[in-house]
Amino acid sequence: MVAVLCSEDAERVTRKNSLSFPELLRPFCRLTSEGHLRDPNNQVVVVKGLRISVTGINTRPPQTPEMQRLLSQAVSVCQPPEVSPANVITAGDYDLNISATTPWFETYRENFLQSMPASEHEFLNHYLACMLVVSSCEAVPTERFLKLSQEQHRIQHSGEYTHPKWFIPNTLKYYVLLHDISEGDEQRADSVYEDMKQRYGTQGCYLLKINSRSGSTGADEQMPDPWSQYLHKTSIHNPCSSTVVNTIKVNLPNIMKYCSQTFTHPLQLDQPTDAGYPSNNASQSVNNVDMTRPQKQASVTSHTTPTPRGTCLTLNDHDHIRQFIQEFTFRGLLPHIEKNIRQLNDQLVSRKGLSRSLFSATKKLFGGGKVPEKSIAELKNTAGLLYPSEAPELQIRKMADLCFLVQHYELAYNCYHTAKKDFLSDQAMLYAAGALEMAAVAAFLQSGAPRPYPAHYMDTAIQTYRDVCKNMLLAERCCLLSAEILKSQTKYSDAATLLIKMTSEDSDLRSALLLEQAAHCFINMRGPMVRKFAFHMILAGHRFSKAGQKRHALRCYCQALQVYKGKGWALAEDHINFTIGRQSFTLRQPDNAVAAFRHILINDSKQSAVQQTAFLREYLYVYKSMSQVTGDGSLPQLPLPCLHSSQTRVFCGHERRLAEGEKQAATHVSLDQEFDRDLSQLWRELEERVVAVVNRGAVPITFQPSQCCLNSQTDNLRYPLAVVEEPIIVEVVFRNPLKVPLALSALCLLWKFTPKDFSDPQGSTAGETITNEKEAASLKEVRLLIVSRFIVPEARLKLLPHKTGELHVLGVVYNLDTGEVDNSEGSLAEDLMCVRGQQNLEIQGSRLNMTKEEKTSVTYGPDHRLDPIITPPMPLLEVFFINFPTGLLCGEIRKAWVEFVNMSAVPLTGLRVASTHPEFFTFGSAASDLTPVTPTAAEHCSAYKTVAMPPSVETVSLVSPAAFGVTSGDRPVVAEIPLSQGVLGPGEALQIPLWLRGPDREGVHEINFLFYYESTEKTAKLSHRVLRHTAFICASRSLSIRATASRSNTLHSRERETEERQEEEEKNGSMLVFVDVENINTSEAGVREFHIVQVSSSSRQWRLHKCINPVGDKDSKLASRERGKLCFKATRCRTEEATSEKYTFADLNLGNEQIVSSTTPCADFFFRRGLPSEPRRGGVSTGGASQMWRQSGTDDGVTNIVKKCSEVELDIIVLWKAYVVEDNKQLILEGQLHVALQTIGKEACSLSQKEETQEMVLLKFKPDIPPPVSKPSLEQLSHLIKTCLHYPESYDHPFPQKSLCMVPVTLTLSNCSLAQVDVIVDLRHKTTSPESLEVHGSFSWLGQTQYKLQLQAQEVYRLSLKACFFQAGVYNLGTPRVFAKLAQTSAMCETSQQSAMPALIIINSV
């Protein structure tokens, strides 16, 4: 270190450049050329990169409190650049973006070392020389030099001043004559300089010429300013950087010189007068660097343009100054140091010549020159022992420091090592610690590294400074040096341990910086310790926060968050985000604060409810403050509550109208109903059926099924259609991830709307796009929604479009507040915590999986449920049901009424209804009698059309199915509802009757109705509308009907019928129909008994003829579990009745009233009846079999012919009444059951058998082999010929007179098929069983024993036979065997026909 003592005139010369003399020299104090000197062994020592520290003689470091404040200020202004290069460190699963350098730490280290005060136990920061500067303008410069020299001598040797400290007594005095070229006389200056060289020698003085130009000339010329980097090192615009880590060997000597430097840096202050410092009067203020500098020059927050420096200097002046420093160093300073090293070495050698023991004894006897300032008991404490300046131990230390300064590290290490031993033997711990510290540094800096770095020296020194000497400044300095050395040797673990040990509670700033450096050591290891890095960064951030370094604290927490984020450290992540939020808010970074609090709140937090409440309140306060600061009117995004956009539902349509009185409104679609994919597909199919009927059997390509309620499971690829002036309801689903309730109020939707005119075919835009963002931001509506932890609330928000166009719902806007109710604070506190914001509704469409590209990639389609198209006005239908039951008996007929109301201002037309159960209801045929016309008048009337008629022969009527809406044998799925003039006007209502029939199966049945209607004005966007209704009917058991058809094999000859009638009947044929009726009702519905009031038939071929039931009581009554049997005779319809189109209805009433079954509703439900499980009219074969039938058309024809022989198409309708007691009133219920007879001899039932559950079927990847062609079965072939024997029931014969009795017998053969049949009649008795011999053995047939006949289609042939009896008795004449085959099948054998019933004859002997 070099001190400067200037005269007033010399200081004035330098102040022209806004610089003091020390400041003028500072940029040129680092020597670029090498210096040389010789050590005591006469070895040349090369000095490279030497830097001279030049300061004013009265410059002094700040006091400890002020130094802490200024250090904090220096760290605060040194921040990382906003745009710093990315330094990504990959460690395992972590990719961390960490700043590569820490300039704030390097700034702190440099300023800390510069601010170290000079101490007695070391000499590195003591002055070695003093420059005496006098201006050439002085009257007598030599006298001024003499005064300055005397002043320096007084300061050093008078004992009045404790500071500054001087290295050696004979301080080098260097005389500088400062000449101002622009003003002074150069010749005079040269003459004075010559005189100085004579007086002081050429190596002790120098003439420095500066100010080659005046400040005004050349002002526009840009001159370099080398002083800026030294005078404003802590400027935020020029963050200081250090390369100590990378070039530790070069810079460590300079670091040690920082200990002695107090040149311009922010830690220098104007200090009060101190008697320990010289030159504190105003006359000598020029020698204090900062006394004449403006106070705000080093302000860290000043952004004003700095005062230009060096304006009077040219580049030649710069070279003059550089040459001056070089001359001073090489010719003055280095020879002076070399001389002192030799002197000190001589003293050391002479000291070594004495015996150590004798020398020690002498020291003990005479005190060794030591002057103890404390009592003997305190000698072991370093504070109790001070060495005088001439003490031998200090001379060794001085020599070591001199060698260290000139980079002679080997000799310096030896001296330090020797001094360390002496200090330790004297227990002078402060001196010993200093020697240990410098010995370690000198050992490290030795070229070639002859010995390893003694890290234990540093550890001992740090421990001594801290624990024994209680000097944390020295301990900190030692720690900083040792940490840099360890890091340069990549011993990051040891460096981190050392840095962590130095943290303490006395300085938060120091602890924060050291913890941060320790964290960087952990991450820079060969195997990075990521979690330790993050943990210590958190600790550093905490200490930075305590030290008031908010920006650095925020940076530490942000870097640590990279490690903890998304790794399951929920509580740690919450703490970090909370701290980041608070620090960001304090630093006026509201966006970062909101983002940090957002992360705390949106995840499922594991914090307690109390902590979550605190988080929420903090967030609301920050959010509120941010919105007040920005004030731009835009609504930021709110994180709470979580908005499930994908669960958003949209309802387009009218709200349900509540039913009045007995009316029941159609259920339609509402947001309260859960979505069922199967049910949705069912409604779609129903709608397609109606649309196909309307469009003559074809569904248009542009058909779009009606979707009133849209959700995540519906098809949202198309834009939904809404109608103008009809509300659109958007249901948004919130979820509260917190354990505390949230209060939402003033909710509204955020939308934009583009008007369009759809009456124009081009759909041109009718106006500019509008939005409600401003209105939503200022909405004051009070609507409170409390969102609790385990409840998922749904908010339904309504929009009412008034124009046609395209609507886009963008999001939801609401006020967010805590769900706590506190009346004490009042509404003012609520307003302070209540914030308004929005959340966007962004819905991802379903994944596309149609094409090959879509299947091989992950692509999502659009979701347009929030983008409805508003169409022109459409009619709006509302349907009400009157007297609609909820429970029915199976087959029960009930009459209800339905009311259609047009709620819109547009007329509707084309009203139709489709249902999944068309057999359940009917609106009647067009010709049905609609009286009574009101529900009230029809309350006690029968649902059937009845006429008074006693029981008699059947009443026959012909009905066409087309009259009841049935075509081509299918059930009418779609029914058209007649409107007056085909239109239902605005506001009009229509009531029509509706007949219902209970389902045939018991249980709860879901009946779906789809009402279809159109507008009278066709629109391109919306062609039709639908209304849905779902009814649930509980069906209870009523009756079980079983019916069997049998051929009639006898002719009623005793009846008085003409021969023609008999032949006609034989040709047409007749059947017996047996009907078993069982009451299977379990009295659940209060049914007392059932009355069978009528049995009707419907067929195109057969009809019931009469009832042959022998029971006298015609009105059959059946109590619970009773069974009745009815027998009817059925005949074929007459030729004029038997048509392929019309059905013949025959009514056989068992009471005094006849129900006309051929009218509504009986005929309606007959034609709408459910098809039986077996196929009617032949059925449909499988694909494989049908191909084989085509290959053999002959076999196909044979099968059909054979089937028709035993096929019956006869439907039995059983009409009943039931008497029910309900509320002490007796009600009469009525209904009808259907039985379909298909095959002779096969029983049919009104209750379809329950289908057995199918077993699991294995998947088949090959088509099954088609089954072989099914040939007619033997049972079917046995029905070709119908046989009947005609004979007298008893015959009297006188056997005594005539032994043989011959009785004529007629065998009638009737061909039941529609083809020629070959018949063989065999009259021979079978002798296979002995029983047959007993029965037949006593009679025989006379004449031929076998006949071969050929009967034409439906031909009746009578064969006359004679039976011969030998004695009286009872005989069975049914022995003839009949064989038949179709004439066209030559390969087929004859099949035995069904034998007739036993034909018994009584032969009496008279």
Side-chain angles (χ1 to χ4, degrees), residues 652-654 656-657 665-670 679-709 714 718 720-723 726 871-881 898-904 906-924 926 965-967 970-986 988-992 994 1006-1031 1168:
C652 302
H654 66 290
R656 278 190 59 195
R657 184 177 172 186
T667 55
H668 194 42
V669 183
S670 70
L679 191 60
S680 175
Q681 181 63 25
L682 184 144
W683 287 115
R684 179 192 177 104
E685 292 174 358
L686 276 179
E687 187 173 354
E688 285 182 352
R689 288 184 184 181
V690 185
V691 172
V693 169
V694 173
N695 291 274
R696 300 178 182 179
V699 179
I701 300 176
T702 59
F703 168 72
Q704 181 177 351
S706 301
Q707 292 188 128
C708 295
C709 187
T714 56
R718 298 185 180 183
L721 301 177
V723 180
E726 290 189 15
T871 64
M874 284 289 290
L876 182 60
L877 178 69
E878 193 72 73
V879 178
F880 298 97
F881 297 89
V898 60
E899 182 180 12
F900 300 97
V901 182
N902 185 358
M903 306 293 295
S904 68
V906 180
L908 66 84
T909 184
L911 183 56
R912 292 174 176 83
V913 61
S915 176
T916 54
H917 296 71
E919 73 278 4
F920 171 71
F921 72 97
T922 178
F923 288 100
V966 179
T967 56
D970 294 330
R971 290 183 290 171
V973 179
V974 180
E976 186 171 356
I977 298 172
L979 300 173
S980 59
Q981 299 179 357
V983 175
L984 188 64
E988 293 184 0
L990 172 67
Q991 279 190 356
I992 60 173
L994 173 71
E1006 182 178 338
I1007 316 294
N1008 296 311
F1009 298 89
L1010 182 77
F1011 296 95
Y1012 170 100
Y1013 56 97
E1014 302 172 354
S1015 174
T1016 54
E1017 298 180 4
K1018 301 299 181 184
T1019 59
K1021 288 292 181 184
L1022 197 57
S1023 61
H1024 66 275
R1025 301 188 80 175
V1026 296
L1027 178 67
R1028 301 174 184 177
H1029 176 64
T1030 301
R1168 290 171 174 263

message = Once rounded to the nearest 0.5 Å, what's the spacing between atom CG of L979 and atom CD of E988?
response = 9.5 Å

remark   = The side-chain contact (heavy atoms from CB on, under 4.5 Å) partners of T1030 (sequence neighbours excluded) come to T667, W683, E1006, N1008, F1032

message = Minimum heavy-atom separation for A1031 and F1009, please, with both atom names.
response = CB-CE1, 4.3 Å

message = Checking E1014 now: which residues fulfil side chain to side chain donor-acceptor pair (under 3.5 Å) with it, not counting sequence neighbours?
response = Y1012, K1018

inquiry  = Under 4.0 Å between a side-chain nitrogen and a carboxylate oxygen: does that hold for R689 and E685?
reply    = no

key: Sequence-distant partners of F1011, ring-ring contact (aromatic ring centres under 6.0 Å, His included), two or more places apart   = F900

query = So H668 and C708, side-chain contact (heavy atoms from CB on, under 4.5 Å) or not? Walk me through it.
reply = CA-CA 9 Å; H668 194 42; C708 295; 3.9 Å; yes

Contacts of type side-chain contact (heavy atoms from CB on, under 4.5 Å), residue P720, not counting sequence neighbours = L710, H864, P868

ask   = Shortest non-hydrogen contact from L1010 to L686?
value = CD2-C, 3.7 Å

ask   = Of all residues at least two apart in sequence or in a different chain, which pass the side chain to side chain donor-acceptor pair (under 3.5 Å) check with T714?
value = N716

request  = Could you grab the distance from atom CD1 of I1007 to atom OG1 of T916, nearest 0.5 Å is fine?
outcome  = 6.0 Å

note = Hits for salt bridge (Lys or Arg N to Asp or Glu O under 4.0 Å) against E1017, two or more places apart or cross-chain, chain-then-number order -> none

message = How long is the straight-line distance from CG of N902 back to CG of L990, given to the nearest 0.5 Å?
response = 11.5 Å

inquiry  = Test of understanding: with side chain to side chain donor-acceptor pair (under 3.5 Å), list the residues that count as partners of R718, not counting sequence neighbours.
reply    = none

key: Considering all heavy atoms, the nearest V906-S904 contact   = O-OG, 3.1 Å

message = Main chain of A722, side chain of T871: is a donor-acceptor contact present, judged purely on distance under 3.5 Å?
response = yes

ask   = Minimum heavy-atom separation for H1029 to A666, with atom names?
value = ND1-CA, 3.3 Å

task = With sequence neighbours excluded, tell me which residues meet side-chain contact (heavy atoms from CB on, under 4.5 Å) with S680.
result = F675

task = Would you verify whether the NZ or CZ of R1168 falls within 45 degrees of the ring axis of F921 while also being under 6.0 Å from that six-membered ring's centre?
result = yes

With a cut-off of 3.5 Å and sequence neighbours excluded, list every side-chain donor-acceptor pair involving residues 694-702.
from, atom 1, to, atom 2, distance (Å)
N695, ND2, V691, O, 2.8

query = Considering residues at least two apart in sequence or located in another chain, which fulfil the salt bridge (Lys or Arg N to Asp or Glu O under 4.0 Å) criterion with R1025?
reply = E726

task = Rounded to the nearest 0.5 Å, what's the gap from CG on L911 to CD1 on I992? Could you check?
result = 7.5 Å

query = What are the two closest heavy atoms between A989 and V901, and how far apart are they?
reply = CB-CG2, 3.9 Å

ask   = What closest approach, in Å, do Y1013 and L876 show between heavy atoms, and which atom pair accounts for it?
value = OH-CA, 3.7 Å

task = Kindly write out the residues that satisfy salt bridge (Lys or Arg N to Asp or Glu O under 4.0 Å) with E878, not counting sequence neighbours, or none if the list is empty.
result = none

task = Apply side chain to side chain donor-acceptor pair (under 3.5 Å) to E687 and list each qualifying residue two or more places apart in sequence or on a separate chain.
result = S706, H1024

inquiry  = Is it the case that the side chain of T909 and the backbone of T1016 share a donor-acceptor pair, with hydrogens and angles ignored and the cut-off at 3.5 Å?
reply    = no

